[in-house]
Amino acid sequence: MKTSWRSASLAATAVSVMALTAACGSENVTTPSSAAQNVGATAAAGGYGSVGATASASTGAGNGYGADGQQAAAAEPAGQLNVANNPDLGKVLSDGAGLTLYRFDADTANPPKSNCDGDCATAWPPVPANDATAGAGIDKSLLGEVTRTDGTKQLTIGGWPAYRYAKDVNAGDVNGQGVGGKWYALAPDGKKATLASLPGLSVKKDAKLGDIVVDKNGHTVYRFLKDKAWPKSVSNCVGACAEKWPAVGIVSANDTKGVEKKGLMGFTRSDGAKQMTVDCWPIYTFSGDTAAGQTNGQGVGGTWYAVSPEGKAVGAPAA
């Protein structure tokens, strides 16, 4: 019974969204894109996580730090730090190679201090501080360093020492999330990465702008005046522009609150990515908004404006 109910629910949702799609042209799409991630890994004894999936005969029962049968690798430079969007965790900090950065609850941020040494540091390699730089969406003033017990300098974010996880081998992996109830992916501000308990799109009352649309992280949603909504949705923000103004991905109409349903749909961009629209207008967030509720993108270049629940560009000059 559970399977048939779910199938019927999905079918009903698809029919309702398809009806909306026709309003903005036949090329618009409604299929949400998703990226599966391993969130909430389990921990070995000691709460540090296991580098190997299981302990082999040669390594015995393991040492409890996740360093079973491993030797510490040379510390890789951090390079330019970036912000990755994870479907389960929201904005996650990554190094120049795209590997997720983590923080440890046993550490302290004020004053900064690392309490992960020895085998722990093999499972969770400390990120060197010497060459780390802040990419888009990261406040460089939050980058710092702490001297470890071995004399090396470790990168800190908002005071928290930063680590990689030995079981993360591909860009975007978050296998260390939640290990031992002590290890968590870093958000760009040094806090634990987590999604706000908000719908995919909802409405927030801003003190200066009034009612504006925000995404699931509480970040302001914007419109670009050079885009088009009719006869079909077209984004004219590509390349470097799209890095500064990330496109909002597809959101189910049922995962919204207070946003006008007419023209609420997705389309395929010229770069092949899927993007959401409000009143058929493509919507974006701004890399300069590093925390929920900020509106640093408002009025930028005279072409970027927050979006009203009806899809209007709030505060834009009259056409």
Side-chain angles (χ1 to χ4, degrees), residues 34-55 61-70 72-73 76 78 81-95 97-110 112-127 137-138 142 146 154-200 215-219 249 291-292:
S34 62
Q37 298 286 348
N38 180 10
V39 178
T42 57
Y48 295 110
S50 174
V51 172
T54 58
N63 54 28
Y65 292 94
D68 308 348
Q70 302 288 324
E76 294 291 334
L81 305 183
N82 297 293
V83 179
N85 288 307
N86 180 278
D88 298 300
L89 300 175
K91 294 185 180 298
V92 173
L93 199 63
S94 62
D95 66 11
L99 293 175
T100 301
L101 301 187
Y102 298 89
R103 49 176 275 181
F104 184 31
D105 277 358
D107 289 347
T108 60
N110 187 24
K113 185 178 188 303
S114 169
N115 290 305
C116 179
D117 295 298
D119 288 339
C120 173
T122 301
W124 300 89
V127 179
I138 302 170
L142 294 178
V146 62
Q154 181 176 0
L155 174 68
T156 61
I157 309 294
W160 287 98
Y163 305 82
R164 301 182 181 95
Y165 184 41
K167 288 185 69 175
D168 285 350
V169 294
N170 299 310
D173 283 351
V174 287
N175 297 310
Q177 176 67 12
V179 165
K182 299 178 181 179
W183 292 91
Y184 297 93
L186 273 162
D189 59 1
K191 296 179 180 179
K192 297 175 184 179
T194 180
L195 290 176
S197 56
L198 295 172
D215 70 2
K216 62 185 177 182
N217 299 309
H219 287 185

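From a predicted model like this one, the values you see are computed outputs, not experimental measurements. For the single chain, residues carry numbers from 1 onward in sequence order.
- Qualifying side-chain contact (heavy atoms from CB on, under 4.5 Å) partners for A185, counting only residues two or more places apart in sequence or in other chains: L89, V92, T100, Y102, Q177, A193.
- Atom CG in L101 sits 5.0 Å away from atom CG in L93 (nearest 0.5 Å).
- Every residue two or more places apart in sequence or in another chain that forms a salt bridge (charged side-chain N to carboxylate O under 4.0 Å, His left out) with D95 is listed here: R164.
- Between the side chain of N115 and the main chain of A106, a donor-acceptor pair closer than 3.5 Å is present.
- To the nearest 0.5 angstrom, L81 atom CG is 5.0 Å from I138 atom CD1.
- Across all their heavy atoms, Y163 and D107 have their closest contact at OH-OD2, 2.6 Å.
- A distance of 11.5 Å separates CZ of R103 from CD1 of I157, quoted to the nearest 0.5 Å.
- With sequence neighbours excluded, no residue satisfies side chain to side chain donor-acceptor pair (under 3.5 Å) with T156.
- Across V179 and Y165, no two heavy atoms sit closer than the pair CG2-OH, 4.3 Å.
- In terms of heavy atoms, Y184 sits closest to G178 at CE2-CA, 4.0 Å.
- Between T108 and P161 the shortest heavy-atom distance is O-CD, 3.8 Å.
- Shown here are the side-chain contact (heavy atoms from CB on, under 4.5 Å) partners of N82, two or more places apart in sequence or in another chain: Q80, S94.
- Between D105 and K192, at least one side-chain N (NZ, or NE/NH1/NH2) sits under 4.0 Å from a carboxylate O, which counts as a salt bridge.
- Applying the salt bridge (charged side-chain N to carboxylate O under 4.0 Å, His left out) rule to D189 yields no partners; only residues at least two apart in sequence or on another chain are considered.
- Using a 4.5 Å heavy-atom threshold, the side chains of W183 and W124 count as touching.
- The minimum heavy-atom distance linking P125 with A166 is given by the pair CD-N, 4.1 Å.
- Legend: residues meeting salt bridge (charged side-chain N to carboxylate O under 4.0 Å, His left out) with K191, ordered by chain and number and at least two apart, are absent.
- Between A121 and C116, the closest heavy-atom pair is N-SG, 3.5 Å.
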